[in-house]
Amino acid sequence: MSQTKEIPLMEKIVSLCKRKGFIFQSSEIYGGINGFWDYGPLGAELKRNLRTTWWNAMMREREDVVPLDATIIMHPAIWKASGHVDTFADPMSTCKSCKKLVRSDQWWAMMCEQPWVQSLAALVEPGTDAFHTGDLLKWAKGKGKQLAPNLALVRNPEITLSWLAQDHEQGKRPQDAREFYLYLATEQRNVTGFVTPCPHCGGELTEPRPFNLMLRTHYGPIESDDNLCYLRPETAQAIFAQFKNVVDSTRVKVPFGIGQIGKAFRNEITPRNFTFRSREFEQMELEFFIPPDEVVQLIHGNVSTWSEGADLSTPQPNWGWEMWHRYWVAQRTAYYAGIGLGPDVLDYYWQSKADLAHYARACVDILFKFPFGTEELEGIAARGDFDLSQHQKHSGKPLEVFDEELRAAAVKLTDEQRAAFITKVQEDWNDHNKSREDATLFCERLLKGFYVPHVIEPSAGLDRLALAVLALAYTEIEKTDAKGAKETVTVMRFHPRIAPKKVAVFPLLKNKPELVSKARGVYDLLKKHLAADYDEGGSIGKRYARQDEAGTPFCVTVDFDTLGERGPELLDTVTLRHRDDGSQERVKISDLLGRLLPLVQ
RNA sequence: GCGGGUAUAGCUUAGUGGUAAAGCUCCAGUCUUCCAAACUGGCUAUGAGGGUUCGAUUCCCUCUACCCGCUCCA
């Protein structure tokens, strides 16, 4: 069979996911539902394994992180405090001409970057809004035609400019540059009112429509505004909301973390790329609480900041936020390497100051090279004390911790040292646009031993990780069969730790009862400790191929040697076959678990 | 939400205004001593709803889902 066209890799992966039971479309028999995906038998195991690796690496194997499992629906005030009610309702406009989507809050910023706006700005006298109608007319017929073809000024310069002239005669002039562009975009002002121009082509933008990205529901049987609530758009906020309870119930001390794995929901505008962006997804989030640098300074007399090559292996008491942030990037990188995602498939994107949310100090995205592009797998943000402070403010409940060392250090300060410390904090905070009052209050509490911890947030998407792992595992091998015909076989090369099934057991032949019962026995032995599979259908080669597609790293075959037919030295030994190179070795049944368990755990 | 494309079995494809074909997969059996063997038999499909028509999988409309762009960033 000659392949007439090359099927894109992503389509092959989607097809395999369905065929083998990794991922199905949600509600498929009813036509499916946009942005929702189900995990089939193999996918459910795969995801569970990934979840477990995160849980173990982030919590079980550490002394300083504890878990939480909070509800999906929480008090709606949480989302007010976190800012999601506001920021997740971005109003958007569509251009009636070029159909592009524009976020209303970014309209002016986009405008300023456009060549047509910049070339127009050159015609307007800086600072005065003074301009020559002749210049504008000339622009409209020349540059404007190329740069902003759908702008009213370009399509119909005389009429458009007449409004400007008319207002001008009456002493009205555009208040600012923004309004100036509204004039230039408006042709029939008496009919349409002012038109907002599309930054891309100058065409007319629709009225902004709200895009609320949170899914809503109501608690209680009667729907009303009083019981409106949201399905959480992230798991993180529950951690902040329960921060105090965790601190009070577990004897944790800063620095420490709270981790959580759970579902989150976002009404994405366009779910896309298979499960990569879906409306219901699972997050694995850690909020790691650290002392503010000011606290570290006071207790230790210095703050360790990051420099190239700094040792990030073991946390130090004098680490500042920057070190902790880098530390978690290193930790997460090591985690990914441990499940097979090495440096060759990962990338990092350090957000620039302009990209950062206003409260964030730094954020790095860990990216994976997906078949459809290099996209985010996890974000690691240094969020300062924004979240806890917001909840402290909105709830009215103190979310500070008390640090005995801190108080002891503060007590030792002389009055001059205290004053100098406070002045220094006020200056530093001023540089970050924070008020002097806030700084003073912060110092007051701090010198008594109280502070609101800062947070480093490694936040990973489980579904994205599952997709990454599927994409990475997918391998096609060209084979030539006995007749010389070429065929392509698929092998899912999962890291053994995350493979859905660890081992499959076969009798060499299914019509020999002795082989079957022996193989069953081996299967019963293994399945108590490993995700194991038993198969006696088809030929031995077919069974290997089936397991290769499922990504099972090991197959065990019971043959006549196992029964001792060729002598006692091979009695109770089996063939252990390795997925990736097809190699085989002879292993005693009693040694199997000892061999396999270390490889898959 | 807007624009473009797609929709036939579990998968990959064929085909037709007159009741859908094939390969692979899957299941059962015969056989088979280690990488999708062979043989026999079997299950399974025109995304949903309307319209035109004597008759629609085929033509038209609507919806849904998927893919590509605008947008988004766990």
Side-chain angles (χ1 to χ4, degrees), chain A residues 1 3-5 7-8 10-12 14-21 24-36 90 92-96 98-103 106 198 200 206 209 211 213 233-236 264 266-274 276-278 281-285 349 351 355 363 365-367 372 375-381 457-465 477 479 481-483 487-490 506-512 515 537-549 555 557-561 565-566 574-575 577 579 582-584:
Chain A
M1 299 302 136
Q3 280 194 324
T4 46
K5 65 172 182 198
I7 301 167
M10 205 51 214
E11 278 179 38
K12 291 188 195 167
V14 173
S15 169
L16 177 106
C17 280
K18 181 170 187 195
R19 183 157 46 90
K20 296 299 286 188
F24 306 128
Q25 197 175 14
S26 171
S27 322
E28 198 190 81
I29 61 167
Y30 287 99
I33 175 167
N34 190 330
F36 297 88
D90 304 323
M92 303 227 193
S93 302
T94 316
C95 173
K96 288 183 181 173
C98 72
K99 308 294 182 192
K100 288 195 174 170
L101 205 61
V102 175
R103 269 176 65 166
Q106 289 175 2
C198 165
H200 303 283
T206 59
R209 285 162 305 178
F211 277 63
L213 297 189
E234 62 172 40
T235 56
R266 291 186 194 177
N267 237 335
E268 295 291 347
I269 299 166
T270 313
R272 200 54 71 81
N273 287 327
F274 198 30
F276 181 78
R277 175 163 290 115
S278 37
F281 57 101
E282 200 162 340
Q283 288 186 308
M284 306 186 291
E285 292 195 301
Y349 174 71
Q351 291 189 10
D355 296 333
C363 186
D365 294 337
I366 299 183
L367 314 168
F372 46 83
E375 297 278 358
E376 184 178 359
L377 208 52
E378 164 161 357
I380 304 174
E457 178 189 85
S459 168
L462 176 54
D463 305 88
R464 288 183 174 187
L465 179 55
I477 295 174
K479 271 179 136 176
D481 66 17
K483 289 179 209 143
E487 57 175 358
T488 305
V489 298
T490 305
F506 317 136
L508 184 60
L509 299 173
K510 87 166 154 181
N511 58 357
K512 298 283 182 289
L515 290 178
S539 68
I540 186 78
K542 181 170 250 176
R543 293 178 220 150
Y544 285 142
R546 278 184 195 139
Q547 295 301 330
D548 284 346
E549 281 197 325
C555 291
T557 301
V558 168
D559 58 20
F560 293 98
D561 293 346
E565 286 195 359
R566 278 210 296 174
V574 291
T575 304
R577 180 258 192 185
R579 175 195 64 200
S583 66
Q584 298 190 346

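As the structure is a prediction and not an experimental result, all values here were calculated from the model. Chain letters run A, B, ... following the sequence lines, proteins first, then strands; residues in each count from 1.
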Expressed as a whole number of angstroms, how long is the span from [X]:[atom1] to [N]:[atom2]?
| X | N | atom1 | atom2 | answer |
| --- | --- | --- | --- | --- |
| A/L213 | B/U71 | CG | C1' | 10 Å |
| A/D559 | B/C34 | CG | P | 9 Å |
| A/R543 | B/C27 | CZ | P | 11 Å |
| A/E268 | B/C73 | CD | P | 8 Å |
| A/K12 | B/C24 | NZ | C1' | 16 Å |
| A/I477 | B/A36 | CD1 | C1' | 13 Å |
| A/H200 | B/G3 | NE2 | C1' | 14 Å |
| A/Q547 | B/C34 | CD | C1' | 14 Å |

Side chains of [X] and [Y] in contact at under 4.5 Å (non-hydrogen atoms):
| X | Y | value |
| --- | --- | --- |
| A/R464 | A/E376 | yes |
| A/K18 | A/Q25 | no |
| A/T490 | A/L16 | yes |
| A/T557 | A/R543 | no |
| A/R277 | A/E375 | no |
| A/P507 | A/K512 | no |

Using the [atom1] atom on both, measure [N] against [M] and round to a whole Å.
| N | M | atom1 | result |
| --- | --- | --- | --- |
| B/U44 | B/C11 | P | 16 Å |
| B/G49 | B/U64 | C1' | 10 Å |
| B/U62 | B/G4 | P | 12 Å |
| B/U8 | B/U57 | C1' | 7 Å |
| B/C59 | B/G23 | C1' | 31 Å |
| B/A7 | B/U12 | P | 13 Å |
| B/C54 | B/C61 | C1' | 22 Å |
| B/G15 | B/G1 | C1' | 38 Å |

Practice task
For A/R19, look at atom CZ and say whether over 12 heavy atoms of other residues, nucleotides or ligands are found less than 6.0 Å away.
Solution key: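 Counting other residues, nucleotides and ligands, CZ of A/R19 exceeds 12 neighbours.
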
Does the structure show a Watson-Crick or G-U wobble partner for [N], both distances under 3.5 Å? Name it, or say none.
| N | result |
| --- | --- |
| B/U46 | none |
| B/U40 | B/A28 |
| B/C66 | B/G5 |
| B/C11 | B/G23 |
| B/U71 | none |
| B/G17 | none |
| B/C59 | B/G51 |

Problem - First encountered from the 5' end of RNA chain B, between A/D365 and A/T575 - result: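 It is A/T575 whose nearest nucleotide is closer to the 5' end.
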
Problem - Most 5' of A/L462 and A/K18 on RNA chain B, judged by nearest nucleotide - result: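 The residue closer to the strand's 5' end, by nearest nucleotide, is A/K18.
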
Name the nucleic acid region contacted by [X], choosing base, sugar-phosphate or nothing; use a 4.0 angstrom heavy-atom cut-off, strictly under.
| X | result |
| --- | --- |
| A/L377 | sugar-phosphate |
| A/R577 | base |
| A/T557 | base |
| A/Q283 | sugar-phosphate |
| A/E376 | base |
| A/Q351 | nothing |
| A/G379 | sugar-phosphate |
| A/S15 | sugar-phosphate |
| A/S278 | base |

Might you list the N or O atoms of the protein lying below 3.5 Å from N or O atoms in nucleotides 28-32 of chain B, with each pair's distance?
residue	atom	partner	partner atom	Å
B/U32	O4	A/N511	OD1	3.1
B/U32	O4	A/N511	ND2	3.3

Problem - Taking every non-hydrogen atom, the tightest pair across A/A236 and A/E285 - result: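 Answer, listing the atom of A/A236 first, then A/E285: N-OE1, 2.5 Å.
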
Would you say [N] has OP1 or OP2 under 4.0 Å from some side-chain N or O of [X]?
| X | N | answer |
| --- | --- | --- |
| A/T235 | B/A74 | no |
| A/R266 | B/A74 | yes |
| A/K542 | B/U25 | yes |

Problem - N/O donor-acceptor pair under 3.5 Å between A/S278 side chain and A/F281 backbone - result: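 No, A/S278 side chain to A/F281 backbone: no donor-acceptor pair under 3.5 Å.
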
Handout entry: ring-ring contact (aromatic ring centres under 6.0 Å, His included) partners for A/F372, two or more places apart
Key =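 Expected list: A/F276, A/F370.
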
Handout entry: Option passing side chain to side chain contact (heavy atoms under 4.5 Å, CB included) with A/V574 (candidates A/D561, A/V558, A/L508)
Key =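 The passing option is A/V558.
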
Handout entry: Single hit among A/R546, A/R577, A/Q584 for side chain to side chain contact (heavy atoms under 4.5 Å, CB included) with A/C555
Key =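 Passing option: A/R577.
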
Handout entry: Nearest listed nucleotide, side chain of A/R19, among B/C27, B/A74, B/G10
Key =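 Selected nucleotide: B/G10.
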
Exercise for the section: Choose from B/A36, B/C34, B/C73 the nucleotide whose nearest atom is closest to any side-chain atom of A/Y544. Expected result: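 When the side chain of A/Y544 is considered, B/C34 is the closest of B/A36, B/C34, B/C73.
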
Handout entry: Donor-acceptor pair present, A/Q584 side chain and B/C34 base, under 3.5 Å
Key =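 By the distance-only test, yes, there is a pair.
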
What nitrogen or oxygen pairs link the protein and nucleotides 63-68 of chain B at under 3.5 Å?
residue	atom	partner	partner atom	Å
B/U64	O2'	A/G31	O	3.3
B/A65	OP1	A/N34	N	3.3
B/A65	O4'	A/G31	O	3.0
B/A65	O3'	A/Q25	NE2	2.8
B/A65	O2'	A/Q25	NE2	2.4
B/C66	OP2	A/N34	OD1	3.4
B/C66	OP2	A/N34	ND2	3.2
B/C67	OP1	A/F274	N	2.9
B/C68	OP1	A/N273	OD1	3.0
B/C68	N4	A/R272	NH2	3.2

Exercise for the section: Apply side-chain contact (heavy atoms from CB on, under 4.5 Å) to A/F560 and A/L515, showing your working. Expected result: CA-CA 7 Å; A/F560 293 98; A/L515 290 178; 3.7 Å; yes

